[in-house]
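First comes the structure, then the notes that go with it.
Every number for a ligand or one of its atoms is a count from 1 in the order of the listing. Index from 1, following the sequence.
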Amino acid sequence: MKIGILTSGGDCPGLNAVIRGAVLNGIKTHNVEFVGFLDGWRGVVDGDVIDLPRTRVRGISKQGGTILGTSRTNPFEGPNGGPENIRKTLERLGIDAVIAIGGEGTLAAAQRLTDAGLKIVGVPKTVDNDLDATDFTFGFDTAVQIATEAIDRLRTTGESHHRCMVAEVMGRHVGWIALHSGMASGAHAILIPEKPVSLDQIAQWVTEARDRGRAPLVVVAEGFVTTDMEAPHSERGLDSFGRPRLGGIGELLAPEIEARTGIETRATVLGHIQRGGVPTAFDRVLATRLGMAAVDSVMDGLWGTMVSLHGTDIVRVGFEKALDNLKTVPEHRYDEAAILFG
Ligand SMILES: Nc1ncnc2c1ncn2[C@@H]1O[C@H](COP(=O)(O)OP(=O)(O)O)[C@@H](O)[C@H]1O
Ligand SMILES: O=P(O)(O)OC[C@H]1O[C@](O)(COP(=O)(O)O)[C@@H](O)[C@@H]1O
Ligand SMILES: [Mg+2]
């Protein structure tokens, strides 16, 4: 048996650990061969693969990024796209099954291809931690760790200058990274997409913190909107899948906070730093287990399912469960964090 693996959509730390986990379990337990598709669905559509012998995955679980490359190619587009062409390409390459590692876009594509009869198993990937039907995704813990370290640094310079510091973190639709890094770093306000807040409320939290002698710290997710905004702030056009590129809400908030509070305010965007570099031990273990479990799912013929973390167990769930809803920050988690604001 030969399994093809791909990594697709935005990268995040832990992708290589998934690949290694899959290859080692496949070779040691099931005696299967592996190839890797280069650059996500692009490699599937073009039949662009590399062999993945055990030597190729040696020591990679601590490496950030993905040794296979990634892209936002739509597998249904182009002269070689679509299920029939892909089926022929897989047959030509002698590939029996595919493991697709990706987020909601990748899994939506995988679901459509599985519905058309292709043999695909998924591994959930999102640094934002917004996929439903899995408790955590690998990469999230690393992003929170990186963000927390960066915010701790902003804190000391903010304190020296008696400034308000605004740290902007990732989070297109959900505020998990902001919630966790904000709570870990003792933020005086955490602003997330799920909970629009007025500028006056933000200014009040900032003023309260200053009045207690603190240098106010605000953590904001890129997808946050104030109660006066209709859509998340976007100033850099669209990405290759046609979605607005977010980022810049921190710079928008800083002068508003300064005007309302009289406190000198600076904004910092953490950006892709949150997605780069070595994964934490937690993410390496989670990613390795998911990769191993994905191969077991292939051996069991569980097409159209993904492996997922449920408590401390790795379980199997249908793609539709993951795609039905976004995993947003629940009200009670926000309310709990808000006790610490101001
Ligand atoms: N409904 C869909 N049908 C087919 N392909 C899709 C669909 N949604 C997204 N894709 C493709 O899935 C890939 C990854 O999507 P994207 O949302 O960028 O990343 P992620 O998998 O991280 O969510 C892209 O190649 C995109 O073209
Ligand atoms: O710059 P890129 O690659 O378009 O990605 C930016 C986007 O990716 C995200 O990090 C989400 O990625 P995930 O698919 O891993 O959740 C968003 O927070 C951000 O808007
Ligand atoms: Mg996505």
Side-chain angles (χ1 to χ4, degrees), residues 6-15 18 37-46 64-66 69-78 81-83 86 98 100-116 118 120 122-132 134 136-144 146-147 168-179 181 192-193 220-224 231-249 269-276 279 283 287 306 319-320 322-324 326-328:
L6 67 108
T7 53
S8 158
D11 76 337
C12 74
L15 287 168
V18 178
F37 297 102
L38 296 181
D39 303 333
W41 295 116
R42 207 270 309 152
V44 178
V45 169
D46 293 346
T66 162
T70 185
S71 74
R72 291 201 162 93
T73 301
N74 185 330
F76 287 83
E77 286 174 359
I86 291 175
V98 173
I101 312 169
E104 88 286 354
T106 305
L107 297 177
Q111 185 180 38
R112 290 174 62 190
L113 291 171
T114 309
D115 288 346
L118 297 185
I120 308 178
V123 177
K125 177 275 337 159
T126 156
V127 82
D128 285 352
N129 196 38
D130 60 1
L131 266 176
D132 215 3
T134 183
F136 283 105
T137 40
F138 62 87
F140 170 68
D141 183 65
T142 306
V144 169
I146 293 168
E168 179 182 313
V169 298
M170 282 187 167
R172 170 176 283 273
H173 303 294
V174 303
W176 287 109
I177 295 178
L179 184 81
S181 62
I192 62 175
V220 59
E222 62 183 357
F224 168 74
H233 179 66
S234 169
E235 57 192 18
R236 293 180 294 128
L238 305 178
D239 69 14
S240 54
F241 203 53
R243 295 171 301 196
R245 282 204 186 93
L246 304 187
I249 179 72
V269 184
L270 299 188
H272 291 87
I273 290 193
Q274 292 160 95
R275 275 193 356 208
D283 280 339
M306 68 170 200
F319 287 153
E320 71 289 346
L323 297 172
D324 273 354
L326 272 182
K327 188 175 67 197
T328 51

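- Atoms CD1 and CG, from Ile177 and Asp130 in turn, are 9.0 Å apart once rounded to the nearest 0.5 Å.
- The immediate protein surroundings of ligand 1, defined as residues with any heavy atom under 4.0 Å of it, consist of Ser8, Gly9, Gly10, Trp41, Arg72, Thr73, Asn74, Pro75, Phe76, Gly102, Gly103, Glu104, Gly105, Thr106, Ala108, Ala109, Arg112, Lys125, Phe241, Arg243.
- Compare Arg275, Met170, Arg172, Arg243 by their heavy atoms: the one nearest to atom 8 (O) of ligand 2 is in Arg275.
- Thr134 places no side-chain N or O within donor-acceptor distance of the main-chain N or O of Thr137, the cut-off being under 3.5 Å.
- Here the protein heavy atom with the shortest distance to atom 11 (C) of ligand 2 is Asp128 OD2, 3.2 Å.
- Within the 4.5 Å cutoff, the side chain of Arg172 has heavy atoms near those of the Arg243 side chain.
- Applying the side-chain hydrogen bond (donor to acceptor under 3.5 Å, both in side chains) test to Asp115 and every residue at least two apart in sequence or in another chain returns nothing.
- Of all non-hydrogen atoms in Gly276 and Pro13, the two that sit nearest each other are O-CG, 4.1 Å.
- The closest approach between a heavy atom of Gly171 and any atom of ligand 2 is below 4.0 Å.
- Ranking the protein heavy atoms by distance from atom 16 (O) of ligand 2 puts Thr126 OG1, 2.5 Å first.
- The closest non-hydrogen atom to atom 18 (O) of ligand 2, taken over Arg236, His173, Glu222, comes from Glu222.
- Closest heavy-atom approach to atom 14 (O) of ligand 2 among the candidates Lys125, Arg72, Gln274: Lys125.
- With contacts defined as side-chain heavy-atom distances shorter than 4.5 Å, the pair Val127/Phe138 does not qualify.
- The shortest side-chain heavy-atom distance between Phe76 and Pro83 falls under the 4.5 Å cut-off.
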- Item | Residue pair His272, Gln274: steps toward the side chain to side chain donor-acceptor pair (under 3.5 Å) verdict | CA-CA 5 Å; His272 291 87; Gln274 292 160 95; over 6 Å; no
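- With respect to atom 15 (O) of ligand 2, the closest heavy atom belonging to the protein is Val127 N, 2.8 Å.
- Side chains of Thr66 and Asp11: a donor-acceptor N/O pair is absent below 3.5 angstrom, by distance only.
- From the protein, the heavy atom lying nearest to atom 1 (O) of ligand 2 is His272 NE2, 2.7 Å.
- When side chains are defined from C-beta on, Val123 does not count as touching Met306, because their heavy atoms never get closer than 4.5 Å.
- Using a 4.0 Å cut-off between heavy atoms, Arg245 makes no contact with ligand 2 at all.
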